[in-house]
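Note sheet for the following structure.
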Amino acid sequence: SEVPQTLDSIESFSNKIRVGKKAQITDDFMIIARLESLILGESMESALNRAEAYIEAGADAIMIHSKKTEPDEILEFCKRFKNLPVQRPLVAVPTTYNEIHENELAEAGVKIVIYANQLLRSAYPAMQETALSILKHGRAYECQDKLTPVKEVFKIIP
């Protein structure tokens, strides 16, 4: 079962952003405020109010989330976000609304697209298949053709 998710108050989260900004040593370190408003069923206005407050608190970017399978609410957020008086880069994580193309998100104003877990999720079936093959055959020989050569693995390790 899922753990119930709640939102921090705007004031508390804004304070966390301000504290983070005070600890920021270089511009290479960014404070990105993650908005969970839409995931938790709050209104678009609530999400935009939070975005504006977090920008005012010093957020370097705003990450908008949705758990819907269609990108409509993300695109609406992007459209309305453009009307905020102060802009920051928008970040999207199209995990559930994965049919949208990056260029569509870019056209809507998204500057960063994060594929948060696709590589890990794709690795799991391959690992499971390899483990089952090893268990079935009592050796790794049968899955050898699906493995990256050890020489290639060593190439990525400095």
Side-chain angles (χ1 to χ4, degrees), residues 1-8 13 16-17 19-21 23-42 44 46-48 50-51 54-55 57-82 87-158:
S1 71
E2 290 187 19
V3 175
Q5 191 174 352
T6 59
L7 287 175
D8 199 354
F13 199 81
K16 291 174 184 177
I17 293 169
V19 168
K21 288 300 285 183
Q24 187 177 22
I25 296 171
T26 72
D27 290 339
D28 293 329
F29 179 84
M30 293 178 67
I31 303 288
I32 301 175
R34 176 179 164 138
L35 295 180
E36 299 282 342
S37 303
L38 301 177
I39 285 180
L40 295 176
E42 290 202 356
M44 188 65 61
S46 174
L48 290 160
R50 282 181 178 271
Y54 300 161
I55 289 169
D60 298 305
I62 298 293
M63 180 186 292
I64 183 63
H65 268 296
S66 173
K67 64 180 177 182
K68 295 197 173 165
T69 56
E70 297 295 323
D72 301 353
E73 73 178 359
I74 291 294
L75 295 174
E76 181 186 345
F77 179 88
C78 292
K79 182 179 179 180
R80 294 179 62 182
F81 182 83
K82 291 177 185 177
Q87 292 292 300
R88 291 292 180 270
L90 263 179
V91 180
V93 186
T95 302
T96 55
Y97 56 98
N98 57 17
E99 289 187 28
I100 194 166
H101 289 94
E102 291 172 3
N103 63 336
E104 294 173 86
L105 289 168
E107 287 170 15
V110 172
K111 301 296 183 198
I112 301 170
V113 177
I114 296 176
Y115 295 99
N117 54 33
Q118 284 79 0
L119 294 178
L120 178 63
R121 289 171 42 215
S122 68
Y124 179 75
M127 290 187 288
Q128 188 175 32
E129 183 181 345
T130 299
L132 289 172
S133 176
I134 291 169
L135 286 172
K136 178 181 177 182
H137 301 286
R139 64 183 187 174
Y141 177 79
E142 284 74 11
C143 58
Q144 187 68 23
D145 62 334
K146 295 183 180 183
L147 304 179
T148 301
V150 174
K151 286 181 184 178
E152 291 298 314
V153 174
F154 288 149
K155 283 182 183 177
I156 64 171
I157 301 171

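Residue numbers start at 1 and run along the sequence shown.
A salt bridge between Lys79 and Glu76 is absent, with no side-chain N of the basic residue lying under 4.0 Å from a carboxylate O of the acidic one.
Going from atom CD of Glu36 over to atom CD1 of Ile64 covers 8.5 Å, rounded to the nearest 0.5 Å. Distance check: Arg34 CZ to Phe13 CZ gives 9.0 Å after rounding to the nearest 0.5 Å. Distance check, rounded to the nearest 0.5 Å: NZ of Lys82 to CG of Leu90 gives 9.0 Å. Note that OH of Tyr124 is 8.0 Å distant from CE of Met127, once rounded to the nearest 0.5 Å. In this structure, Lys16 NZ and Asp8 CG are separated by 4.0 Å, a value rounded to the nearest 0.5 Å.
A 6.0 Å sphere centred on CG of Asp27 holds no more than 12 heavy atoms belonging to other residues, nucleotides or ligands. Atom CD1 of Ile25 has 12 or fewer neighbouring heavy atoms from other residues, nucleotides or ligands inside a 6.0 Å radius. Under a cut-off of 6.0 angstrom, the local environment of NE2 in His101 is sparse, with at most 12 non-hydrogen atoms contributed by other residues, nucleotides or ligands.
Nearest approach of Ala108 to Leu75, heavy atoms of both residues: CB-CD2, 3.6 Å. Leu48 approaches Phe77 most closely through the heavy-atom pair CD2-CE1, 3.6 Å. In terms of heavy atoms, Ala57 sits closest to Lys21 at O-CG, 4.3 Å. Between Thr130 and Cys143 the shortest heavy-atom distance is CG2-SG, 3.7 Å. For Ala33 against Ile17, the heavy-atom pair with the smallest separation is CB-CD1, 3.9 Å. For the pair Pro94 and Leu105, the tightest heavy-atom approach, listed with the atom from each and the gap, is CG-CD1, 4.3 Å.
Side-chain contact check for Ile134 versus Arg139: every heavy-atom pair is 4.5 Å or farther apart.
Counting only N and O atoms by type, the side chains of Tyr115 and Glu102 include a donor and acceptor under 3.5 Å apart. Residues Ser66 and Glu73 have side chains that bring a donor and an acceptor to within less than 3.5 angstrom of each other.
With hydrogens and angles ignored, the 3.5 Å screen pairs no side-chain donor or acceptor of Ser46 with any backbone N or O of Glu42. A donor-acceptor pair under 3.5 Å is formed between the side chain of Gln24 and the backbone N or O of Phe29. Side-chain atoms of Gln87 come within 3.5 Å of backbone N or O of Phe81 as a donor-acceptor pair. When atom types are taken as modelled, the side chain of Glu99 and the backbone of Tyr97 share no donor-acceptor pair closer than 3.5 angstrom.
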Is there a side chain to side chain contact (heavy atoms under 4.5 Å, CB included) between Leu38 and Leu35 once you walk through the steps?
CA-CA 8 Å; Leu38 301 177; Leu35 295 180; over 6 Å; no
When you look at Thr96 and Lys68, which way does the side chain to side chain contact (heavy atoms under 4.5 Å, CB included) test go after all the steps?
CA-CA 6 Å; Thr96 55; Lys68 295 197 173 165; 5.6 Å; no
Verify side chain to side chain contact (heavy atoms under 4.5 Å, CB included) between Ile32 and Ile62, making sure each step is shown before the conclusion.
CA-CA 6 Å; Ile32 301 175; Ile62 298 293; over 6 Å; no
What verdict does the side chain to side chain contact (heavy atoms under 4.5 Å, CB included) test give for Val91 and Lys111, after you've listed the backbone C-alpha separation in whole Å, the side-chain angles of each residue and the deciding distance to 0.1 Å?
CA-CA 6 Å; Val91 180; Lys111 301 296 183 198; over 6 Å; no
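The only option from Lys67, His65, Arg121 that meets the side-chain contact (heavy atoms from CB on, under 4.5 Å) definition with Thr95 turns out to be Arg121.
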